[in-house]
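Below you'll find the structure, written out as structure tokens, and then a few comments.
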Amino acid sequence: MERTETIPYEPAPETVARATWLRGQLLSWFRSSGRSFPWRDPGRRPYEIAVAEILLQKTTAAGVARAYSGFIKRYPSWASLALARLEDLESELRPLGLWRQRALVLRQLAQSIEERGGDVPCSRAELERLRGIGPYTASAILAIVYGRTEALLDVNMARLLDRFFGPIGSSGKERSRSLHQLASLLVKGGHCLQINWSALDFGALVCKARRPRCQECQLKAECWYARTQITPTSDAPSG
DNA sequence: CTCCCGTCCA
DNA sequence: TGGACAGGAG
């Protein structure tokens with residue numbers, strides 16, 4: 001037997017074709033409807049990128065957008081953040097939620113970076129050793145700061161992939177592996193940041209968790225979710 | 001698996 | 001009023 005049957009490192013040809021089509025659609029959609037955030041602006045320092053990624057964890061991007069500029073202005077560097085008073089940090093973070101653990105994480109992260117001479121690690125292993133930096137945040141820093149080809153598989157992209165390609169695997173482990181495979185397939189075609197941000201924005205604005213806008217979605221003809229869940233008389237299920 | 005947590009929207 | 005949010009840690 002072929003080893004590809006037991007070790008599916010290679011996605012099926014049809015999957016590759018659909019992923020390529022999806023890429024084109026997302027990039028096209030992003031040019032006209034993508035979101036603009038201060039932390040996406042070119043020229044941002046690694047510090048500003050890292051802080052944004054911590055703030056964005058399990059928090060709405062719209063909320064972070066409101067607090068971001070003020071936070072950077074008040075704490076403009078790793079050094080200032082490392083020396084911050086915990087109470088001040090907490091009150092700055094309070095409107096975003098998760099303020100207690102995030103204040104600790106940010107200050108400890110700043111102190112760790114300062115001990116390294118002020119530079120953000122450029123390897124996944126080093127990044128994930130730091131408090132508050134897991135697989136996703138490490139990928140984001142590698143992609144945005146160091147220009148590496150990494151998939152930003154957050155809840156938005158996961159939902160989009162899940163719906164577009166259809167349910168994958170029975171176990172959570174298998175599903176996770178397939179999602180990462182699809183995500184890396186998307187990103188490997190080039191334009192890493194554009195495709196990542198387009199998938200995130202599309203998942204947040206069109207392929208929403210609550211009320212997906214399937215009727216006006218340009219992917220509906222090829223989307224598993226739209227083709228199976230939509231009925232002529234009703235939009236996407238409300239639940 | 002649970003907790004962290006304020007905000008937003010159906 | 002409750003689920004969901006650019007996750008991560010215990």
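Throughout, protein chains are lettered first and strands after them, A, B, ... in sequence-line order, and every chain is numbered starting at 1. Computed from heavy atoms alone, side chains included, the values below leave out hydrogens, waters and symmetry copies.
- Using a 4.0 Å heavy-atom criterion, one finds that G63(A) contacts no nucleic acid atom at all.
- Considering only the side chain of Y136(A), dG8(C) comes nearest among dG8(C), dC5(C), dG3(C).
- At whole-Å resolution of the value, CD in E92(A) and P in dG6(B) are 16 Å apart.
- OP1 or OP2 of dG6(B) has not a single side-chain nitrogen or oxygen of T59(A) nearer than 4.0 Å.
- Rounded to a whole Å, the CD atom of E128(A) is 8 Å from the P atom of dG8(C).
- Across all strands, G97(A) comes closer than 4.0 Å to base atoms (heavy-atom distances).
- Across all strands, I54(A) comes closer than 4.0 Å to no nucleic acid atom at all (heavy-atom distances).
- Considering only the side chain of R94(A), dG6(B) comes nearest among dC5(C), dG2(C), dG6(B).
- Nearer to the 5' terminus of DNA chain C, by closest-nucleotide assignment, is the contact made by R159(A) (compared with the other of T137(A) and R159(A)).
- Of the side-chain N and O atoms in R131(A), one or more sit less than 4.0 angstrom from OP1 or OP2 of dG10(C).
- OP1 or OP2 of dC5(B) has at least one side-chain nitrogen or oxygen of R100(A) nearer than 4.0 Å.
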Hey, mind stepping through L200(A) and M157(A) against side chain to side chain contact (heavy atoms under 4.5 Å, CB included) and telling me if it holds?
-> CA-CA 5 Å; L200(A) 264 58; M157(A) 191 188 293; 4.2 Å; yes
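- No contact: V105(A) has no heavy atom under 4.0 Å from any strand.
- For the pair L96(A) CG and dA6(C) P, the interatomic distance rounds to 12 Å; values are reported in whole Å.
- Put simply, W197(A) has no side-chain N or O that comes within less than 4.0 Å of OP1 or OP2 on dA6(C).
- For the P atom pair drawn from dC5(B) and dT1(C), the interatomic distance equals 24 Å after rounding to whole Å.
- One atom, NZ of K58(A), and another, P of dC5(C), lie 6 Å apart when rounded to the nearest Å.
- The side chain of R66(A) places an N or O atom within less than 4.0 Å of a non-bridging phosphate oxygen (OP1 or OP2) of dC8(B).
- Distance check, rounded to the nearest 0.5 Å: CG of D201(A) to CZ of F30(A) gives 5.5 Å.
- Residue R35(A) is classed as a base contact, given a heavy-atom separation below 4.0 Å to a base.
- Judged purely by atom type and a 3.5 angstrom limit, R40(A) uses its side chain to pair as donor or acceptor with the backbone of R35(A).
- Proximity note for W99(A) (side chain, C-beta onward) versus dG6(B), dA6(C), dG7(C): the nearest is dG6(B).
- On the C1' atoms, dC1(B) is 22 Å away from dA6(C), given to the nearest whole Å.
- S139(A) and R124(A) form a side-chain donor-acceptor contact under 3.5 Å, judged by distance and modelled atom types alone.
- With dG6(B), dG8(C), dA6(C) as the choices, the nucleotide that has an atom nearest any side-chain atom of Q57(A) turns out to be dG8(C).
- Note on L152(A): nothing from the nucleic acid sits closer than 4.0 angstrom, heavy atoms only.
- Following rounding to the nearest Å, L127(A) (CG) and dG7(C) (P) show an atom-to-atom distance of 17 Å.
- In this structure, I141(A) atom CD1 and dA6(C) atom P are separated by 18 Å, rounded to whole Å.
- Taking 4.0 Å as the cut-off between side-chain N and carboxylate O, R177(A) and E174(A) do not count as a salt-bridged pair.
- Protein atom CG of L109(A) is 11 Å distant from nucleotide atom P of dA9(C), rounded to whole Å.
- Atom CG of N156(A) and atom P of dA4(C) are 13 Å apart (whole Å).
- Distance CG/L22(A) to CD1/I195(A): 7.0 Å, rounded to 0.5 Å.
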